[in-house]
There are 2 protein chains.
Amino acid sequence: MNASQQLTDKQRLTLDFIERYIATHTVSPKLQEIAEGIGIRSRGVAHRYIQALTDTGFIETDSGKHRGIRLLKPNPYRDESTLPLLGKIAAGKPIEAIPGEDQLDLRDFFGRNNFAVRVQGDSMIEAGIMDGDTVIIEFRETANDGDIVVALIDETETTLKRFKRSHRGRYIKLIPANKDMEEMIYEASRVRIQGVLIGQLRKY
Amino acid sequence: MNASQQLTDKQRLTLDFIERYIATHTVSPKLQEIAEGIGIRSRGVAHRYIQALTDTGFIETDSGKHRGIRLLKPNPYRDESTLPLLGKIAAGKPIEAIPGEDQLDLRDFFGRNNFAVRVQGDSMIEAGIMDGDTVIIEFRETANDGDIVVALIDETETTLKRFKRSHRGRYIKLIPANKDMEEMIYEASRVRIQGVLIGQLRKY
DNA sequence: CATTATGTTCTCAAAATGTTCTCATTCTGA
DNA sequence: TCAGAATGAGAACATTTTGAGAACATAATG
């Protein structure tokens, strides 16, 4: 009734389903499909949710017409820091989420001690890190063997390499992931760890 | 009772939980969830804390309604959608930002028509997409030659490949980025585009 | 036009959630 | 030590939310 009302759980689920359906099919779903999509059997109940979403101004309908739902405003309940994480995307059917893990949470990338670095060069290409990628680094001064680190050499040059101690820790190896390049070895005192790789992203 | 009263430990815990929950879910938690969140079993006890927080003016509730809690006092606002984007990280010195682009904004990844898919297999490895990576897909039904797409073949099988039209659009090539695998060619009617790759991320 | 599918409205319940209580137990400061 | 505060469990009840399905009206279809 009241346009300022909050949506109930099922009403939000319904809105979410309709948005996804329209995104994948370009037309709106029918009541039967909505019912199945949100896990119930009754068209009447599905219609009740449509009515609620209409009353709250999220959608409007061509009354009586088949597939007559239109979205009116963006869904404010969509969590801006997570994305649906999908397993299979089959036709028509509601999208199949990965069991036990249906939301991807990107806040892992946004911790207070994290920063991003744009990667230059191909030295880590065999680790799947390509020129132009952005890597997420956690500020740290120590690393474990095998970590990929941002290392500062001789207080001047910064590089992204795999980290490994050598000679009981007196030396440090910085190992590229590119068979055309050679690993480098430095006295431990010349190398300073700036941070450790915790994530990577790429934008197309 | 008294609005100037200090909060007890559990009341503070409850308030923290509610703030975090709302930040994560956009809607308020129900009593059962609050109880579990602060480590107790009784909804009644959880409600007692809600009552105390209401009396002290931190929250208000839509009496009776499910998920009817609203925060009243401002909670520290954190912008979690950007990260500092750094060029060089030199010792001691304040970190050197990339000129003209000093914040990485991940909101591109969170559009309402985007979703995430966990990648299985090595078919796109030469494009830097490895087994276990997560790719961000924008819902779309059309693609341009060269796009990497999620394609549904024969309404059953879903795959991530590079898209290319062939024979004036009567056929569609799906091209892996792996020299050990061969490209596949289908009649256009057998292939349905589910979305186009717009980003990729990996967590270490 | 006849038939089927779909949208709409309705009633009857069941399940989930919020609210209020009582009864204990633990903690804290005078 | 003792009284009061804080905490926890859970029963009992009221209200909200959810679900099924019948009945009817209208739209879509051939």
Side-chain angles (χ1 to χ4, degrees), chain A residues 1-18 21-22 25-72 77 92-94, chain B residues 1-18 21-22 25-72:
Chain A
M1 294 300 174
N2 185 338
S4 65
Q5 230 174 3
Q6 294 258 342
L7 300 186
T8 67
D9 286 357
K10 276 292 183 180
Q11 288 165 10
R12 267 184 285 122
L13 222 179
T14 302
L15 179 58
D16 222 61
F17 174 81
I18 293 170
Y21 191 100
I22 291 178
H25 297 79
T26 64
V27 295
S28 63
K30 41 193 178 186
L31 288 177
Q32 184 67 49
E33 293 170 329
I34 292 173
E36 287 169 11
I38 63 175
I40 62 175
R41 273 180 287 179
S42 162
R43 275 182 300 154
V45 173
H47 183 267
R48 190 200 291 149
Y49 294 135
I50 295 307
Q51 197 55 254
L53 292 171
T54 302
D55 291 342
T56 47
F58 286 97
I59 62 176
E60 65 180 2
T61 62
D62 278 348
S63 186
K65 297 286 175 61
H66 298 185
R67 299 188 186 280
I69 300 171
R70 283 187 302 276
L71 298 173
L72 287 182
Y77 297 99
K93 293 186 228 168
Chain B
M1 294 300 174
N2 184 337
S4 64
Q5 239 173 0
Q6 290 270 351
L7 298 186
T8 67
D9 287 353
K10 277 291 182 179
Q11 288 166 9
R12 168 66 61 190
L13 222 178
T14 303
L15 182 57
D16 282 350
F17 175 81
I18 293 170
Y21 190 101
I22 291 178
H25 297 83
T26 67
V27 294
S28 63
K30 38 194 180 185
L31 288 178
Q32 183 68 49
E33 294 170 330
I34 292 173
E36 287 168 11
I38 63 175
I40 61 176
R41 271 182 289 181
S42 162
R43 287 191 332 237
V45 173
H47 183 266
R48 190 197 291 149
Y49 294 133
I50 295 307
Q51 198 55 256
L53 291 170
T54 302
D55 291 342
T56 47
F58 285 95
I59 63 176
E60 66 180 3
T61 63
D62 276 349
S63 187
K65 297 287 175 62
H66 297 185
R67 301 189 185 281
I69 300 171
R70 283 188 301 275
L71 297 172
L72 288 182

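Naming: A, B, ... by sequence-line order, numbering from 1 per chain.
Salt bridge status for B:R12 with B:D9: absent, with no side-chain N to carboxylate O gap under 4.0 Å.
When the nucleotides C:dT8, D:dT18, C:dT17 are ranked by their closest atom to the side chain of A:H47, C:dT8 comes out on top. Among the nucleotides C:dT9, D:dA6, D:dT18, the one closest to the side chain of B:T8 is D:dA6. Comparing C:dG7, D:dA9, C:dT20 by their nearest atom to the side chain of B:I40 picks out D:dA9.
Nucleic acid contact for B:R48: base, since at least one base atom lies under 4.0 Å from a heavy atom of the residue. Residue-level contact check: B:L31 touches the bases, meaning some heavy atom is under 4.0 Å from a base atom.
Remark: C1' of D:dA6 and CD of B:Q11 are 9 Å apart, rounded to the nearest angstrom. At whole-Å resolution of the value, CG in B:D9 and P in C:dC27 are 12 Å apart. D:dG8 atom P lies 14 Å from atom CD1 of B:I34, rounded to whole Å. The CD atom of A:E36 sits 14 Å away from the C1' atom of C:dT6 (whole-angstrom rounding). Here the P atom of nucleotide D:dA5 and the CG atom of B:D55 are 15 Å apart, to the nearest Å. If you measure from atom CG of A:L53 to atom C1' of C:dG7, you get 16 Å, rounded to the nearest angstrom. The interatomic distance linking A:L7 (CG) with D:dT17 (P) rounds to 11 Å, in whole Å. Look at CD on B:Q51: it is 9 Å from C1' on C:dT19, rounded to the nearest Å.
OP1 or OP2 of D:dG8 sits under 4.0 Å from a side-chain N or O of B:K10. Distances shorter than 4.0 Å separate some side-chain N or O of A:Y49 from OP1 or OP2 on D:dG19.
Looking at A:E36, its side chain never comes within 3.5 Å of a backbone N or O of A:E33 through a donor-acceptor pair.
Between A:K65 and B:G44, the residue anchored closer to the 5' end of DNA chain C is A:K65, taking for each the nucleotide with the nearest heavy atom. Residues B:H66 and A:V45 each lie close to DNA chain D; by heavy-atom proximity, the contact nearer the 5' end of the strand is made by B:H66. Both A:Q32 and B:S63 lie near DNA chain C, and the one whose nearest nucleotide falls closer to the 5' end is A:Q32.
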| request: Please step through side-chain contact (heavy atoms from CB on, under 4.5 Å) for the pair B:T14 and B:Q11, ending with a clear verdict. | output: CA-CA 5 Å; B:T14 303; B:Q11 288 166 9; 5.5 Å; no
| request: Report the C-alpha distance between A:I69 and A:I34 in whole Å, list the side-chain angles of each, state the deciding distance to 0.1 Å, and finish with yes or no for side-chain contact (heavy atoms from CB on, under 4.5 Å). | output: CA-CA 11 Å; A:I69 300 171; A:I34 292 173; 3.9 Å; yes
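With B:R70 as the fixed residue, the side-chain contact (heavy atoms from CB on, under 4.5 Å) test singles out one of B:I59, B:I18, B:D62: B:D62.
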Please report, to 0.1 Å, the donor-acceptor pairs under 3.5 Å made by any side chain of residues 41-48 of chain A, with sequence neighbours excluded.
{"residue": "A:S42", "atom": "OG", "partner": "A:G44", "partner atom": "N", "Å": "3.1"}
{"residue": "A:S42", "atom": "OG", "partner": "A:V45", "partner atom": "N", "Å": "3.0"}

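No donor-acceptor contact under 3.5 Å links the side chain of B:R43 to the base of D:dG10. B:R41 contributes no side-chain N or O that forms a donor-acceptor pair with the base of D:dG8 under 3.5 Å. For a distance-only test at 3.5 Å, the side chain of B:S42 qualifies as a donor-acceptor partner of the base of D:dG10.
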